[in-house]
Amino acid sequence: MKLEFWILDVNYDVVGGVPEVRMWGVTRDNRRVVVVDRGFRPYFYVLTVKGGSEEELEHIRRALAPYGLLGLEVVEKKYFGKPVKVVKATLANPRLVPKARESVARLDFVREVLEADIRFYMRYMVDNAVYPSSWHAVDVEELDKPPSWKVDAVYLAKKPPVHIAEDRSVPELRVLAFDIECYNRYGEPDPERDPVIIAGVGDSGGVRLFTAQGLDDAPVLREFTSHVKNTDPDVIVGYNSNRFDWPYLLARASRKRTRLNVSRTNSQPAQSVYGHFSIVGRANVDLYDYAEEIYEVKVKSLENVAEYLGVVKKDERTLIDANLIYAYWDDEKKRPLLLRYAEDDVRSTYGLAEKVLPFGIELSSIVGLPLDQVFAASVGNRVEWHLIRQAFQYGELVPNRVERGYETYRGAIVLKPKPGVHENVAVIDFSSMYPNIMIRYNISPDTYVPPGEKVDSDEVWVAPEVGHRFRKKPPGFYKRVLERLLEARRTIKEKLKGLDPGSPEYRVLYERQRALKVIANATYGYCGWSGARWYKREVAEATTAWGRMLIKRTIEYARKLGLKVIYGDTDSVFVNYDPEKVERLIKFVEEELGFEVKIDKVYVKVFFTEAKKRYCGLLADGRIDVVGLEAVRGDWAEISKEVQEKVIEIVLKEGDPWKAVEYVKKVIEELRSGSVDLEKLVIWKTLTKDIGEYEVEAPHVMAAKQLQEAGYRIRRGMKIGYIVTRGGGEKVSSRAKPFFLVKDIGEVDVDYYIKRQIVPAALRILSYFGIREEHLVGGRRQASLFEFINQK
DNA sequence: GCCTTGAAGTTACCG
DNA sequence: ACCGGTAACTTCAAGGCG
């Protein structure tokens, strides 16, 4: 019988000594099924001195005998492009692979054991080109369904499923959002002590809340579990659920001697790779993982992220002080507010999922990691899995992870900007510069020619400055991988042109081209990452070297044409927009250098200071770009960011810096008079390490210490919000106080905010126009003149 | 011993 | 655990001056 199904989750188990890959999915007729394949066995490769001589095989056979060896075979593969003979050792049981590997690695003629660390179900998917979040056709026969399994049918695959690559449709997935609230009378909730007072669940139909009876959460756990079972979602989404909700619920369940059997095999969520919890048969997605990649949102609370993505506006939802959740629970009159808050969290989470899942689905199908893992995996791991997939298709062995020392290499060029306001400026960009460089010059670990090796000079590309050589032929690994990605993206972008932007097809393909771009662009960074399997410093180093050459030659030619080069960074040049000359420049880059460039944008006005990577520009439609400046940084007080934004707007739109001065003075007055929201004075900074590891007493570290003393749990990675107060010493750090402990504007060190926040942010723009601090503060001329003289 | 100065530590940005 | 380049802040200690 033939079956088509869309793969949601993949796992395996060993049944009666036989490993069984289980592919959980949704059929064309919307049934939930699992397709099992019992025909696949784990294996790994052994790279030996003699390429698998009889004697070597005998030794390997003996070493592997205790681990259920099924067979040894000498196979031809490629290792960094070079043909090699390796011994493929096939075992019966995936669980014995790690031990077997160790046993073989000890043999003295064994150079390396390869691919022994690839998880069994991933091995299965890679080898059979089975892709998660994609449709497959498979020949099956139906099996008896174990009574505890939550599926419509269980099938046995006669052969591995075949990917239907051209069909990017997505079945109607049942998505369940959830969120829990815990009792926190004693600070950070502790599952050993504090119950789950509310568990909210929701989908497109609405939200349901399960509540504790007083402080007994047994009903919450029970009802939550049965709700999941009954609604049988394909995707379960939470916010920070891998780090909080799931471990908490599991700990509560264990304490209450009950079980959280929410999976499709009636098992509990289990800690799995990349710190995520795996729920058999479903995709357990933690949207916080996605939020971490949205750098525009500085404080990544659910409500901020939901607002940013246009899901639920902050003023359309209930917000309460999370530290007081217990009080809302204890007080019957306030409890409805807490319930609304919980409901809004679930709504936001569900809304977020609608925005984010389509991208995750495409990413999952491209890199080949199951949907829930792709969210949890780091960028490096995503790229790596994509490469592992490709390596298999090219017959390349996957290199092992090795511990390496950290090495640096030169990166891109950044030009010194020409300070001031420039009108009519075109920004010309190389399209996907690094991927295209790697393709054009065939830069790859397997094409690299080490210094000692003799090669005819016209057979290699030689990187400028650094001199690394790469064979022109055959196409290297990175080249093939990147060409495929860029080509796929081009095709999709072509298709998009003919589609209605409101249609579901458009959405899917749009997200797909975005995912392709993300992976292509991250591949250069990956190759220079010392933790990468395919790391090669020379590869990364040559790529940036060619990048420098390209930008230099582009700038040279622009100047030759008589264009003024105002700025440039890595793969972009800013020139005065003379359409004819710009056209010639583009032609030059395309024809002489062989790279694609495009006009990315044209600024009506753009303003630079002397600093690199910081500018602001006005576009024809009235929008303003702010790049690198304080206004777009998360570690400046809102008040300074607002001031700078407004100053930029006045300067660019009205061209009157002195009007901006008046505005700044007004804000300073408001601050002095105390009519400013405390919220606007909060400075947020990330704790990038554990609190004990800091060498200096930075303000946010001191604020964090105060929080710790007040009983808050402080963890690396947290954003600390503080306000600088008066008194308490010279150092800013001695005056920094956690923002919510500051109750009155009277406590605030207004002077700090004026002199170290507002003035610097404003002057960053205004000092170019001859405006100085004394023009913004003080007001009285005498004082400023006096200060001026004193400075000299 | 006080004040200036610059290095070091730290964070967050750009592409 | 993707890269290097960059600005700018705060702290801290060395160095200079008296």
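The figures that follow rest on heavy atoms only: side chains count, while hydrogens, waters and symmetry mates do not. By convention in this document, chain letters (A, B, ...) are assigned in the order of the sequence lines, proteins followed by strands, and residues within each chain are numbered from 1.
- Here Tyr752(A) reaches the OP1 or OP2 of dT10(C): one of its side-chain N or O atoms lies under 4.0 Å away.
- No side-chain donor-acceptor contact under 3.5 Å links Asp600(A) to the backbone of Ile428(A).
- Each of dT10(B), dG4(C), dT11(C) was ranked by its minimum atom distance to the side chain of Val732(A); first place goes to dT11(C).
- Between Thr554(A) atom OG1 and Leu563(A) atom CG the span is 12.0 Å, to the nearest 0.5 Å.
- Here Arg764(A) reaches the OP1 or OP2 of dA8(C): one of its side-chain N or O atoms lies under 4.0 Å away.
- Phosphate proximity of dC2(C) to Thr523(A): absent, as no side-chain N or O sits under 4.0 Å from OP1 or OP2.
- Residue Thr686(A) places none of its side-chain N or O atoms closer than 4.0 Å to OP1 or OP2 of dT11(B).
- When each of dC3(C), dA7(C), dC14(B) is scored by its nearest atom to the side-chain atoms of Arg614(A), the top-ranked nucleotide is dA7(C).
- Counting any heavy atom pair closer than 4.0 Å across all strands shown, Arg382(A) reaches no nucleic acid atom.
- A sub-4.0 Å separation between OP1 or OP2 of dC13(B) and a side-chain N or O of Lys298(A) is present.
- Checking the phosphate oxygens (OP1, OP2) of dT11(B), a side-chain nitrogen or oxygen of His700(A) falls inside 4.0 Å.
- Atoms CD1 and CG, on Ile519(A) and Leu363(A) in that order, are 5.0 Å from each other to the nearest 0.5 Å.
- Here the side chain of Val632(A) is nearest to one of dT11(C), dC14(B), dA1(C), namely dC14(B).
- Distances shown here put every side-chain N or O of Lys689(A) at or beyond 4.0 Å from the OP1 or OP2 atom of dT11(B).
- For dA7(C), the OP1/OP2 oxygens have no side-chain nitrogen or oxygen of Arg633(A) closer than 4.0 Å.
- The side chain of Val379(A) sits closest to dC2(C) out of dG5(C), dC2(C), dG15(B).
- To the nearest angstrom, P of dT11(B) lies 18 Å from CD of Glu630(A).
- The existence of a salt bridge linking Glu630(A) and Arg633(A) is excluded, since no basic side-chain nitrogen approaches an acidic carboxylate oxygen closer than 4.0 Å.
- Classification of Arg243(A) and Asp289(A) as a salt-bridged pair holds, one side-chain N sitting under 4.0 Å from a carboxylate O.
- Distance CD1 (Ile720(A)) to P (dT10(B)): 15 Å, rounded to an integer number of Å.
- The residues Glu465(A) and Lys552(A) are annotated as salt-bridged, a charged nitrogen and a carboxylate oxygen being separated by less than 4.0 angstrom.
- In this structure, Lys685(A) atom NZ and dT10(C) atom P are separated by 7 Å, rounded to whole Å.
- Between Glu697(A) atom CD and dA13(C) atom P there is a gap of 10 Å when expressed in whole angstrom units.
- Backbone-only contact: Tyr295(A) has heavy atoms under 4.0 Å from sugar-phosphate atoms and none from a base.
- Under the 3.5 Å distance criterion, the side-chain polar atoms of Asp749(A) are left unmatched by any main-chain donor or acceptor of Val724(A).
- In this structure, Tyr694(A) reaches the dT11(B) phosphate: one of its side-chain N or O atoms is under 4.0 Å from OP1 or OP2.
- Leu485(A) has its CG atom 18 Å from the P atom of dC2(C), to the nearest Å.
- Each of Thr609(A) and Ser378(A) has a nearest nucleotide on DNA chain C; the 5'-most of these lies closest to Ser378(A).
- Backbone-only contact: Glu407(A) has heavy atoms under 4.0 Å from sugar-phosphate atoms and none from a base.
- Each of Gly411(A) and Gly531(A) was assigned the nucleotide of DNA chain C with the nearest heavy atom; the assignment lying further toward the 5' end belongs to Gly531(A).
- Residue Ile683(A) contributes atom CD1, which lies 12 Å from atom P of dA12(B) at whole-angstrom precision.
- In this model, the phosphate group of dT11(C) is not approached by any side-chain N or O of Lys731(A) to a distance below 4.0 Å at OP1 or OP2.
- Here Tyr567(A) does not reach the OP1 or OP2 of dG15(B): none of its side-chain N or O atoms lies under 4.0 Å away.
- Distance from the side chain of Pro760(A) is smallest to dC9(C) among dC3(C), dC9(C), dA8(C).
- Among the heavy atoms of the strands lying under 4.0 Å from Ala522(A) is at least one base atom, whether or not backbone atoms are also near.
- Using a 4.0 Å cut-off, some side-chain N or O of Lys719(A) falls inside it from OP1 or OP2 of dA12(B).
- For the pair Trp546(A) CH2 and dC3(C) P, the computed distance is 22 Å after rounding to whole Å.
- OP1 or OP2 of dG4(C) sits under 4.0 Å from a side-chain N or O of Tyr406(A).
- Between Arg490(A) and Glu487(A) a salt bridge is recorded (basic side-chain N to carboxylate O distance below 4.0 Å).
- When heavy atoms are screened at a 4.0 angstrom cut-off, Tyr615(A) is found touching the sugar-phosphate backbone but no base atom.
- In this structure, CD of Gln644(A) is placed 12 Å from C1' of dA8(C), rounded to the nearest angstrom.
- OP1 or OP2 of dT11(B) sits under 4.0 Å from a side-chain N or O of Thr688(A).
- Of the candidate nucleotides dA12(B), dT11(C), dG15(B), dA12(B) has the atom lying nearest to any side-chain atom of Asp635(A).
- In the set dG15(B), dA8(C), dA12(B), the nucleotide with an atom closest to the side chain of Lys613(A) is dG15(B).
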